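The structure under discussion appears below in the form of C-alpha cells.
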Number of protein chains: 2
Amino acid sequence: MASTLHDVARLAGVSIKTVSNVINDYPHIRPATKARVEQAIADLGYTPNLTARSLRSGRTGAIALAVPELALSYFAELAAAVIEAADEAGVVVLVEQTGGDRDRELELLRSPRLQMTDGLIFSALGMGQDDAEHLERPYPLVLLGERIFDAPVDHVTMRNVEAARAATEYLLASGRRRIAVVGAHPGEVIGSAGLRLRGYREALEAAGVPYDDSIISETTTWHRSNGARGMRDLLDRGVTFDAVFGLNDTLALGAMRVLQEAGIRVPEDVAVMGFDGLDEAQYSIPSLTTVDPGQRWIARTAVATLLERIRRTDAAGEPRLLLADFHIAERESAPSEAMIGA
Amino acid sequence: MASTLHDVARLAGVSIKTVSNVINDYPHIRPATKARVEQAIADLGYTPNLTARSLRSGRTGAIALAVPELALSYFAELAAAVIEAADEAGVVVLVEQTGGDRDRELELLRSPRLQMTDGLIFSALGMGQDDAEHLERPYPLVLLGERIFDAPVDHVTMRNVEAARAATEYLLASGRRRIAVVGAHPGEVIGSAGLRLRGYREALEAAGVPYDDSIISETTTWHRSNGARGMRDLLDRGVTFDAVFGLNDTLALGAMRVLQEAGIRVPEDVAVMGFDGLDEAQYSIPSLTTVDPGQRWIARTAVATLLERIRRTDAAGEPRLLLADFHIAERESAPSEAMIGA
DNA sequence: CTGAAAGCGCTAACAG
DNA sequence: CTGTTAGCGCTTTCAG
C-alpha cells in the first residue's frame, strides 16, 4: 500500500540512506541526487511512516492533555488554547477526560497509553495534596490547577488568592458591604474554592468588614445548576446581601439567573462578580463582571514548558511554579465606583 | 530505562515469545509458566511499548477528531461525547482544530499526522460540496456536519431540514405568525444555515404563512455576538415580529439578550427558539426552547461506525448515511400552545 | 506448550 | 557525498 524508503530509493536509483538524508534535509547532498530523490518521492506520493520514526527516535510528536470535562466551558477554552499552542509548535494533542475523579486521574498517570505521547499537561481536580507523590514519574509532566502544590513537577497556575482578593476589593470599593459567596467547598483549604474563599476573607479583613458565614453558600461541583441552587438557598435563608461573588463564572451566571427570577435587580440591588473570564460571560444579561485569571497565558506557558522538558530531559533543572497575571474585566453586573458616579 | 520483553523473558527464564503469549493471553500456556512470567512483569514494572506494537500491527489505538473550534460549546460537547465513547472502546482521541477554514481542512486530510491514528471523525465546515472528492482517501473516515453530502464516505449527521421545520411548526402552532430568523447565510443551499432555513420555509409554506425576507437576518459566523448583532439589525429595520428562530442556540441566546435590553419581553412579546440542544440553553433567562438534533447519538454513532470501518477495512461495504432523531426541548422562551392556555 | 528468527519502516554509526 | 548495516520492541510464522 503505502510506499517506503526502499521504494523511493529503488525508483531514484540511490540507497535508502540517501533518501533519508534528503527527507531530514541533511546538508551535504549533491543537488542532482536530491532532485532525483524528490522526484521519486513525489511520484510515489511517499510520506514517512511516523510510527516507525517514533519507535526509532523515542519521540511521538504528540502530547496529552487531561482535563476533568470538556463540556465545561472553562476546560473547553483551555483545551482550545492548548491545542492551538501545540499546533504552532508542530505537535498534536491527545485529549483525555477524567471526570475530576481521583481514581481515574491516578489511573491515567500510570496508563500505558501515555507512551503514545511525549508528555502530559495534567489538570488535576480529584487528587489532593496527599497525592503529590504520584506525580513523580519518569515522564515529562506539567501540572495545572490548584489541588496540589509543591509537587516535584512544573506547575502552571493562576494567582487564586490574589485574584479573588482583588475581585472582593473591587466590590468593596464600589460600596458593597454584604458580599455573598456561591460555590464554597466545605472545609477546603487548597483547591480553587478554598483559595478563592481565602482571598475573599483577606479582602474583607483588610477592609474591616466582618466575615459572615450565613451568606456563604456551599456546593460540590461547579455547574450552572449549582450556582442557581446556591442562590436559592441564600434567598431561602432570608439573609440580606448587596453583592454575590461566584467562585467561577458558571456559578455566577446560574446565581444571577435566580436573582433575576426573584425580581432582584442586577446590579442595582445586588452586584454579581464571577471568576474565570469565560467568553460567554460577555454575553449574559447583564454582562458579567469577572476576573480573568490569565487562562490563555496558562495554556501557552504549559505547552512551552512541557516541550522544553521534553527537549532537554537530561538537564532537568528544578521544578518551577509559574503564575499567570490576572485582571478584572469590568462589565455590567458589577460596575466600578467610577461607573456608579457617572 | 523502561524494561522490554527481553528483560522479562530473561528474568522469568523463558523465551520472549512466551512472554508475548502471556501478555496477549494466548490460551495454551502452562499455569506455572504463566505465573512466573507475570511475576517477572510485576517485578520489573514492565509495560509493553505501544509504539513498537503499532509499528508491528499497523494499528495505533487512537482516532483523530477534527472540529472547527473547541471553544464553541457545540463542538466542545461533541468532542466530550466522542472522547467518552472512544474511551469505552479503549481508544484515545487526538483532537485537531481547523478553524472552519477550507484550506486547513484540506491540509488536515492530507496530513501525515493522520498516520498516528487509525481513522478520522471529521466535522467539516469550510469545505463545500465540490470538495467531496477530497474525502475519498485510503483511510477510515467518518464525516460529520452538513456541508457535504453523497461523498463516498460514511456520514453521520442530523435531520436539519426536518428539525428546523418542526421547530417552526412548533412556533406556528403556538400562535406566532411573524417569525424572524437570525443566522442565515446569504445564498447558502447546503450547510446548516441553508438547510435549516429551508425547513423554516417549508413550515411557513405548509401553513400558508408568507415568507418575508425583511425579517431574515444574515451573519457569517455563529458566535453569540453575531446573534446580538443580527437582532440589533432587525430592530433597526423597524420590522415587526412575534418570534425569533435562532439557527443555533448561541445565536438565539445573543438575540435574546438584545431583545431584553430593548425592553421586549420574552416570551410574551417575542418567543425565542434555538437549535442544538446545548446544556447552557437550560440556564439562560428565560431558559431557551430549542431543538435537540441528537448530538450525543451522533457522537456515539460516529465512533462506532469508524471503529467498524477500521476493524474490517477489507469488506468495505457501501458508504452509509446515518441520521439522528431530533426532538424539541420545550422551555420558557417559547411555550407551546398548551402552556399559554394554562 | 515453547523457542528461534524474521521483519514492520526508519535512523544513525560507520565505512568507504 | 553516499552505501551498508544494526537495531528500536514487538508480533508472528515456523519448528520443535
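Proteins get letters first, then strands, A, B, ... in listed order; numbering begins at 1 in each. Nothing here was measured: the structure is a model prediction, and the numbers come from that model.
Between Arg56(A) atom CZ and dA6(D) atom C1' the separation is 8 Å, expressed in whole Å. With rounding to whole Å, Lys34(B) atom NZ is found 12 Å from dC1(C) atom P. Straight-line distance from the CG atom of Leu44(A) to the C1' atom of dG9(C): 15 Å, rounded to whole Å. Remark: C1' of dT11(C) and CZ of Arg59(A) are 14 Å apart, rounded to the nearest angstrom. Note: NE2 (His6(B)) to C1' (dC8(D)) measures 11 Å, nearest angstrom. As a whole-Å value, the separation of Asn21(B) CG from dA4(C) P is 14 Å. With rounding to whole Å, Ile16(B) atom CD1 is found 12 Å from dA6(C) atom C1'. As a whole-Å value, the separation of Leu5(B) CG from dG3(C) C1' is 14 Å.
The CG atom of Leu307(B) lies 8.5 Å from the CG atom of Asp118(B); values are rounded to the nearest 0.5 Å. Atom NE2 of residue His6(A) and atom OH of residue Tyr46(A) lie 10.5 Å apart, to the nearest 0.5 angstrom. Interatomic distance, Ile63(B) CD1 to Ile121(B) CD1, rounded to the nearest 0.5 Å: 4.0 Å. The CZ atom of Arg104(B) sits 6.0 Å away from the CG atom of Asp87(A) when rounded to the nearest 0.5 Å.
For the pair Ser20(B) and dC10(D), the criterion of a side-chain N or O lying under 4.0 Å from OP1 or OP2 is not met. The side chain of Thr18(A) contributes an N or O atom lying less than 4.0 Å from OP1 or OP2 of dG3(D). At dG9(D), none of the side-chain N or O atoms of Arg53(B) fall inside 4.0 Å of OP1 or OP2 (strictly under the cut-off).
Residue Thr33(B) is classed as a sugar-phosphate contact, given heavy-atom separations below 4.0 Å to backbone atoms only.
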Quiz: residues 293-301 of chain B side-chain donor-acceptor pairs under 3.5 angstrom, not counting sequence neighbours:
from	atom 1	to	atom 2	distance (Å)
Gln295(B)	NE2	Tyr74(B)	O	2.8
Thr301(B)	OG1	Trp297(B)	O	2.6

Name the atoms and distances for all side-chain donor-acceptor pairs under 3.5 Å in residues 142-154 of chain B, with sequence neighbours left out.
from	atom 1	to	atom 2	distance (Å)
Glu146(B)	OE1	Thr157(B)	OG1	2.9
Glu146(B)	OE1	Asn160(B)	ND2	2.8
Glu146(B)	OE2	Ser192(B)	OG	2.8
Arg147(B)	NE	Leu125(B)	O	3.1
Arg147(B)	NE	Met127(B)	O	3.1
Arg147(B)	NH1	Glu188(B)	OE1	3.4
Asp154(B)	OD1	Arg309(B)	NH2	2.9
Asp154(B)	OD1	Arg320(B)	N	2.8
Asp154(B)	OD2	Arg309(B)	NE	2.4
Asp154(B)	OD2	Arg309(B)	NH2	3.2

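One finds a salt bridge joining Glu308(B) and Arg311(B) here, because a Lys/Arg side-chain nitrogen approaches an Asp/Glu carboxylate oxygen to under 4.0 Å.
Helix-axis bend for the helix from dC1(C)-dG16(D) to dG16(C)-dC1(D): the local axis fitted to the five terminal pairs at one end deviates from that at the other end by 40°, rounded to 10°.
Side-chain atoms of Leu55(B) lie closest to dG9(D) of the nucleotides dC10(D), dG9(D), dG3(D).
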